[in-house]
Amino acid sequence: MEKTQFDDIRPYNAEEIPAAMVRIANSSSFPLLASYVYPDEPLEVVRKRIADYKNVRDFQTETMRIVNEQVIEHSIKEFTCSGLDKLSRETHYLFVSNHRDIMLDSSLLQYYFVTQDFETTEITFGANLMINQLVIDIGKCNKMFKVERPGNNIKDFYRSSRHLSDYIRYVITEKGESAWIAQRNGRTKDGNDVTDQGIIKMFCMSCAEDKIKAIDDLHIVPIAVSYEWEPCDVLKTLELYESQFSKYTKKPGEDLNSILTGIVQEKGRVHFELCEPLSYAELSKFDGLTNNDYHKQVARLIDRRIRAAYRLYPNNYIAYDLRYGTTKYKHCYTVAEKEAFLKRLQMLEQYDTCDVDKLKDIFLGIYSNPVNNK
């Protein structure tokens, strides 16, 4: 097989899929996975089905579709998505999304595309999540490409950023695929969805001679993801609390715990809004700016789209009124909804080695900040 410059980060190509499917089917964790996805089928029947897949499309439209349907059935009250009518089936896009859950933000989007017979996208896959061969196989069979977390070495960081920029441009302008990336490195923890201008700078690295063309070629579509109940809200609260006193260091297995918590935790209603793609006319208004200011303005443009499209739920208004001691939004929620929220808030009282009032304020901020940002 001919080597290419992106072999170190790309998803599996067509020739690599069959062998990866056999590895997945024969992995030691497969019985557990099969019992979750296909609880009513004999293990060997499921094993043969997976091992027989020969391409990504079959894996995504059959097995991964069912995985997402299980998540929706067991932990989501209502899943909706809108804005697909703004897109063309002939154009390849870079979807830039706010990031609230490690796995579900991208997974549920792919599920929606599958149900609409719209081509799925390639997806960023943090190198820190590539914990074993099974995870790598499932990820790369789902069009995931590797993103290195920035280290302390500036030269290595520049090299990996340029490599990623080249790859994303190649995917959209040559390979003929779309791609998904979060608006920042890591999930939004405090409810404030902000696009990292460093990501915009990275997009531009592969077309440094023309900053307008660099972004316009990628056909950027902002996505606003809104969860009624924030995935891992208690875990995020504890992390933000600890971060006040020292630099937060992830504990062993923390990412996996967050993935599993995000999957099983009740999320209520979940909505994805595909926003209007960034246009050449909008971008060209920034032509006279320095590169740094240009990156900042493009990031703010994405932020405005996402914040305008973010869907507020009763929990957001309840948290605002509780945090600021008002009744400003009491018409936006019921007594029962407020009681349910207060019950969730009271869960923090078990962490009595912390300042519980501070914990509660952080928790309320996660839900109320999106109201402030409207």
*Answer yes when Glu339 and Lys343 have at least one side-chain N-carboxylate O distance shorter than 4.0 Å, and no when they do not.*
no
**Study point:** Full working for side-chain hydrogen bond (donor to acceptor under 3.5 Å, both in side chains) between Asp303 and Thr195
**Key:** CA-CA 6 Å; Asp303 287 347; Thr195 304; 2.6 Å; yes
task = Please assess Asp287 against Tyr294 for the test side-chain hydrogen bond (donor to acceptor under 3.5 Å, both in side chains), listing each intermediate value before the final yes or no.
result = CA-CA 8 Å; Asp287 199 14; Tyr294 175 67; over 6 Å; no
**Asked** Can you check whether Val225 reaches Tyr310 side chain to side chain, under 4.5 Å on heavy atoms?
**Response** no
Distance flag, aromatic centroids of Phe272 and Phe79, threshold under 6.0 Å: yes
Taking atom NZ of Lys54 as the centre, report whether more than 12 heavy atoms of other residues, nucleotides or ligands fall under 6.0 Å from it. yes
Between Ile181 and Ile168, is there a side-chain heavy-atom distance shorter than 4.5 Å?
yes
inquiry  = Testing the 3.5 Å rule here: is there a donor-acceptor pair between the side chains of Gln297 and His295?
reply    = no
Inspect the surroundings of NZ in Lys189 and state if more than 12 heavy atoms from other residues, nucleotides or ligands are less than 6.0 Å away. yes
Between Trp229 and Ala340, the two heavy atoms sitting closest are CH2-O, 3.9 Å
Going by an N to O cut-off under 4.0 Å, is there a salt bridge joining Asp105 and Arg187?
no
field: Side-chain donor or acceptor of Asn13 paired with backbone N/O of Glu16 under 3.5 Å
entry: yes
- Message: Quiz question: by atom type and distance under 3.5 Å, do the side chains of Glu266 and Ser75 form a donor-acceptor pair?
- Response: no
Glu228 side chain to Gly268 main-chain N or O, any donor-acceptor pair under 3.5 Å? no
Return yes if some donor-acceptor pair links the side-chain N/O of Tyr38 with the main-chain N/O of Leu43 below 3.5 Å, else return no.
no
Looking only at heavy atoms, the pair that brings Ile306 and Ser97 closest together is CD1-C, 4.4 Å
For Ser279 and Asp216 the tightest heavy-atom approach is C-OD1, 4.3 Å
* Asked: Stepwise, does the side-chain hydrogen bond (donor to acceptor under 3.5 Å, both in side chains) test hold for Glu148 with Ser160?
  -> CA-CA 7 Å; Glu148 295 287 354; Ser160 64; over 6 Å; no
Sequence neighbours excluded, the answer for side-chain hydrogen bond (donor to acceptor under 3.5 Å, both in side chains) partners of Arg169 is Ser206
To the nearest 0.5 Å, atom CG of Asp233 lies from atom CD1 of Ile362 at 13.0 Å
**Prompt:** Is it true that the side chains of Tyr12 and Asp137 contain a donor and an acceptor less than 3.5 Å apart?
**Reply:** yes
Next on the checklist: If the threshold is 4.0 Å, N to carboxylate O, is there a salt bridge linking Asp193 and Arg100?
Outcome noted: yes
With a sphere of 6.0 Å drawn around NZ of Lys360, does it hold more than 12 non-hydrogen atoms of other residues, nucleotides or ligands? yes
* Can you find a pair of side-chain heavy atoms, one from Met144 and one from Thr124, that are under 4.5 Å apart? -> no
Closest heavy-atom pair, Asn128 versus Ile131, reported as atoms and distance to 0.1 Å, is O-CG2, 3.8 Å
Query - Test item: Phe6 and Val171 side chains (from C-beta on) under 4.5 Å apart, heavy atoms - result: no
If you count the non-hydrogen atoms of other residues, nucleotides and ligands that lie under 6.0 Å from NZ in Lys86, is the total more than 12?
yes
Query - Tyr53 side chain near Val22 side chain, heavy-atom distance below 4.5 Å - result: no
message: Can you tell me if Lys155 has over 12 outside heavy atoms packed within less than 6.0 Å of its NZ?
response: no
*Please answer whether the main-chain N or O of Ile138 pairs with a side-chain N or O of Lys140 as donor and acceptor at a distance below 3.5 Å.*
no
The reported gap from CE in Met347 to OG1 in Thr237 (rounded to nearest 0.5 angstrom) is 10.0 Å
On a heavy-atom basis, the closest approach of Asp190 and Asn369 is O-ND2, 2.7 Å
Parallel under 30°, tilted from 30 to 60°, perpendicular over 60°: which one fits the rings of Trp180 and His99?
perpendicular
Is the ring pair Tyr329/Tyr317 parallel, tilted or perpendicular, if the boundaries are 30 and 60 degrees? tilted
Is it true that a side-chain atom of Ser165 and a backbone atom of Ser161 form a donor plus acceptor pair closer than 3.5 Å? no
| Is Gln183 reaching over with its side chain to a backbone N or O of Val194, donor-acceptor style, under 3.5 angstrom? | yes
- Pair Thr121-Lys143, side-chain donor/acceptor within less than 3.5 Å: no
Worksheet entry | Pair Arg305 + Glu282, salt bridge at N-O below 4.0 Å | yes
Would a 4.5 Å heavy-atom cut-off, applied to side chains only, mark Ile215 and Cys204 as touching? yes
(Q) Check the orientation of Phe341 and Phe363. Use parallel for under 30°, tilted for 30 to 60°, and perpendicular for over 60°. (A) tilted
- Judged by modelled atom types alone, do Asp217 and Thr173 share a side-chain donor-acceptor pair under 3.5 Å? no
ask   = Charged N to carboxylate O below 4.0 Å: is that the case for Asp361 and Arg323?
value = yes
Here the pair of heavy atoms bringing Tyr367 nearest to Asn316 is O-ND2, 2.8 Å
#### Entry: Gln197 versus Asn292, side-chain donor and acceptor atoms under 3.5 Å
yes
Any side-chain heavy atom of Tyr351 sitting closer than 4.5 Å to one from Val234? yes
Report yes if some heavy atom in the side chain of Phe286 is under 4.5 Å from a heavy atom in the side chain of Leu301; otherwise report no.
yes
Main-chain N/O of Glu230 paired to Gln265 side chain as donor or acceptor, under 3.5 Å: yes
| task | Could you tell me whether Asp156 and Arg159 make a salt bridge, using a distance below 4.0 angstrom between a side-chain N and a carboxylate O? | result | yes
Short N-O contact, Glu239 and Lys236, less than 4.0 angstrom: no
Review point. Do His271 and Thr80 have side-chain atoms, one donor and one acceptor, less than 3.5 Å apart?
Key: yes
Would you say the side chains of Glu122 and Tyr167 form a donor-acceptor pair under 3.5 Å?
yes
In short, ring pair (Phe, Tyr, Trp, His ring centres under 6.0 Å) pairs touching residues 110-129 with sequence neighbours left out are Phe95-Phe113, Phe113-Phe118
Going by atom types alone, do Asn372 and Tyr320 pair a side-chain donor with an acceptor below 3.5 Å? no
| Do other residues, nucleotides or ligands put more than 12 heavy atoms under 6.0 Å from the OH atom of Tyr324? | yes
Notebook entry, point to check: Taking atom types as modelled, is there a side-chain donor on Thr4 or Asp7 under 3.5 Å from an acceptor on the other?
Noted result: yes
Does a sphere of radius 6.0 Å around CZ in Arg57 hold more than 12 heavy atoms from other residues, nucleotides or ligands, not counting ones at 6.0 Å or beyond?
-> no
